[in-house]
Each structure stands twice: as C-alpha cells, then as structure tokens.
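Notes for the one structure printed next.
Chain letters run A, B, ... following the sequence lines, proteins first and then strands; every chain starts at 1. This is a predicted model, so every value here is computed, not measured.
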Amino acid sequence: MFDPELLERPSVEVAPLLLGAFVHGRGVTVRLTEVEAYLGEMDPGSHAFRGQTRRNAVMFGAPGHLYTYFTYGMHVCANVVCSPDGVATAVLLRAGEVVDGLELARERRSTSKRDADLARGPARLVVALGIRLDDDGANLASGDITLELAHSASEFRQGPRTGVSGAGGTDAYPWRFWIPGDPTVSPYKATVPKRRVAPSTL
DNA sequence: GTCGAGATTATCT
DNA sequence: GATAATCTCGACC
C-alpha cells in the first residue's frame with residue numbers, strides 16, 4: 001500500500017507527501033487536501049511535548065500507525081504516526097475530499113449540507129471515514145483504515161496551524177499544509193488572540 | 001460571506 | 001478540577 005520508510009522521517013517532511021494521498025476507511029475513501037505536522041517533544045502544540053502519556057503512547061511507537069484522540073468532549077481526531085520507533089512526530093489529518101462511498105459518508109455526516117463539507121475539518125473527516133477512538137494504534141498498511149500514498153507529489157502551500165492553543169498556535173510553527181484552491185480545505189483561521197484592531201491599518 | 005459563544009467528556013495535574 | 005489539535009448554530013454584513 002505504501003513504503004513504510006517514507007514515514008520514518010519527521011512529520012514536517014511527511015506532511016506534504018500525504019497531500020493528495022487516499023485514506024480508505026470502512027467503505028469511504030478520502031483524498032487528503034489539508035494536514036498539519038506535529039513534532040512531538042520539540043513542539044509546544046503537540047500532545048507529546050510534555051512527555052509520553054497513556055493517550056499519546058502510539059505517537060512514540062512505530063510509524064505508519066493511526067493515532068486517535070478525543071478532544072472537546074465530543075470529537076475524535078486522527079493522525080498518521082511518523083518518525084522511527086521512539087520519536088514522537090505525527091501528521092494530523094485535517095481535511096479531505098470524499099472520492100468514494102459518497103452516500104455512506106453523507107449518512108455519517110448528516111448535518112453537512114454540501115459534499116465539500118463532508119470531510120472538511122479533522123473531526124468531520126474522522127466521522128466520514130468511520131474512524132473510532134478505539135482505532136488508536138491501528139496499522140495503516142492493513143486493516144479497516146488504510147493509507148494509499150499518491151503516485152506523484154501534489155502542489156501545496158504551507159502556513160500557521162489552526163486551533164492550537166498556547167505557543168504552538170503562532171506562526172513560529174508554520175506546519176499546516178494544504179492544496180491551494182481546493183474547496184474542501186478548512187476555512188478556519190489561525191487562532192488569533194482577540195484582535196479587534198483598526199481595519200484601516202490592514 | 002464573517003464573527004462569537006456554547007456544548008460536552010476523556011485525559012491529565 | 002482544569003484543560004482541550006472542534007463543531008454547530010445564531011446574529012449580522
């Protein structure tokens with residue numbers, strides 16, 4: 001399905017490779033259009049920044065596995081674990097375009113009106129693919145959730161991450177990657193600390 | 001189209 | 001008890 005050695009690099013290098021890749025999840029296939037890299041212990045925005053815990057243990061393990069976690073009480077997000085065993089980097093799957101299993105994805109995401117919204121956003125993508133919290137640690141080379149890397153590299157842009165609280169949300173960590181012009185890329189802006197400034201100076 | 005606020009629970013200190 | 005890699009909805013332009 002994919003060359004495991006490709007994922008043994010830090011997530012900032014792996015992230016662009018995942019753009020345009022396909023994720024197959026329980027009858028639905030998504031083409032990734034937006035991802036974010038997390039650099040483990042070096043990265044204030046990463047769950048692994050403060051060391052290994054029960055939740056992020058998978059991130060410290062071998063690459064090519066799925067790291068899922070619960071957030072905000074109601075949502076699940078999914079990552080692809082990168083770097084060799086013992087190094088905790090991962091790529092968060094932020095958004096994608098449903099290319100197969102469209103009707104099933106619509107059922108799972110009954111609240112979204114447009115097809116472009118089916119997998120636009122980390123938690124939405126997880127729901128569309130039927131990924132559950134207990135898929136944590138699943139092998140992406142075989143199983144219910146699989147990854148299929150694109151045959152050729154996609155054009156991409158990169159910029160600050162969104163939704164990350166604290167120091168990790170600044171533009172000091174421009175580790176969000178997306179395919180420009182794609183309608184399925186999340187519209188969310190970087191978390192700005194209540195900026196209500198004069199619009200004239202923009 | 002943009003902006004702001006509330007929901008809700010596993011995990012960590 | 002506090003926190004959180006988010007989503008949805010309502011108000012307004």
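Where DNA chain B pairs in unbroken runs of 3 or more (Watson-Crick or G-U, both distances under 3.5 Å), the stems are B:1-7 with C:6-12, B:9-12 with C:1-4.
Under the side-chain hydrogen bond (donor to acceptor under 3.5 Å, both in side chains) rule, T162(A) has a single partner from R94(A), R176(A), E34(A), which is R94(A).
D136(A) CG to Y69(A) OH: the interatomic distance, rounded to the nearest 0.5 Å, is 11.5 Å. A distance of 8.0 Å separates OG1 of T29(A) from CG of L129(A), quoted to the nearest 0.5 Å. Atom-to-atom distance recorded for F177(A):CZ and S11(A):OG is 8.0 Å, nearest 0.5 angstrom.
Under the 3.5 Å distance criterion, the side-chain polar atoms of S46(A) are left unmatched by any main-chain donor or acceptor of D43(A). Of the possible polar contacts, one joining the H65(A) side chain to the G137(A) backbone as a donor-acceptor pair under 3.5 Å is found. Using a distance-only test at 3.5 Å, with no hydrogens or angles considered, no donor-acceptor pair links the side chain of R31(A) to the main chain of F22(A). T68(A) places a side-chain N or O within donor-acceptor distance of the main-chain N or O of L133(A), the cut-off being under 3.5 Å. R157(A) places no side-chain N or O within donor-acceptor distance of the main-chain N or O of P180(A), the cut-off being under 3.5 Å.
In this entry the distance linking CG of D117(A) with P of dT8(C) reads 8 Å, nearest Å. For the pair L125(A) CG and dA5(C) P, the computed distance is 18 Å after rounding to whole Å. With rounding to whole Å, K113(A) atom NZ is found 17 Å from dC7(C) atom P. The distance from atom CD1 of I131(A) to atom P of dA5(C) is 18 Å, rounded to the nearest whole Å.
Contacts between residues 72-84 of chain A and DNA chain B, defined by a heavy-atom separation under 4.0 Å, are made by Y72(A), G73(A), M74(A).
Judged by the 6.0 Å distance and 45° axis criteria, R55(A) is not positioned over the aromatic ring of F70(A).
Side-chain N/O atoms of R120(A) include none lying less than 4.0 angstrom from OP1 or OP2 on dC7(C).
Contact detail for P10(A) and S83(A): the closest heavy-atom pair is CA-OG, 3.5 Å.
Interface remark: the Y69(A) side chain does not form any donor-acceptor pair with the dA4(C) base, using a distance-only criterion of under 3.5 Å.
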Please list, for nucleotides 10-13 of chain B, all pairs of protein and nucleotide N/O atoms separated by less than 3.5 Å.
unit_1  : atom_1 : unit_2 : atom_2 : d
dC12(B) : OP1    : T53(A) : OG1    : 2.4
dC12(B) : OP1    : R54(A) : N      : 3.3
dC12(B) : OP1    : R55(A) : N      : 3.0
dT13(B) : OP1    : R50(A) : NH2    : 2.9

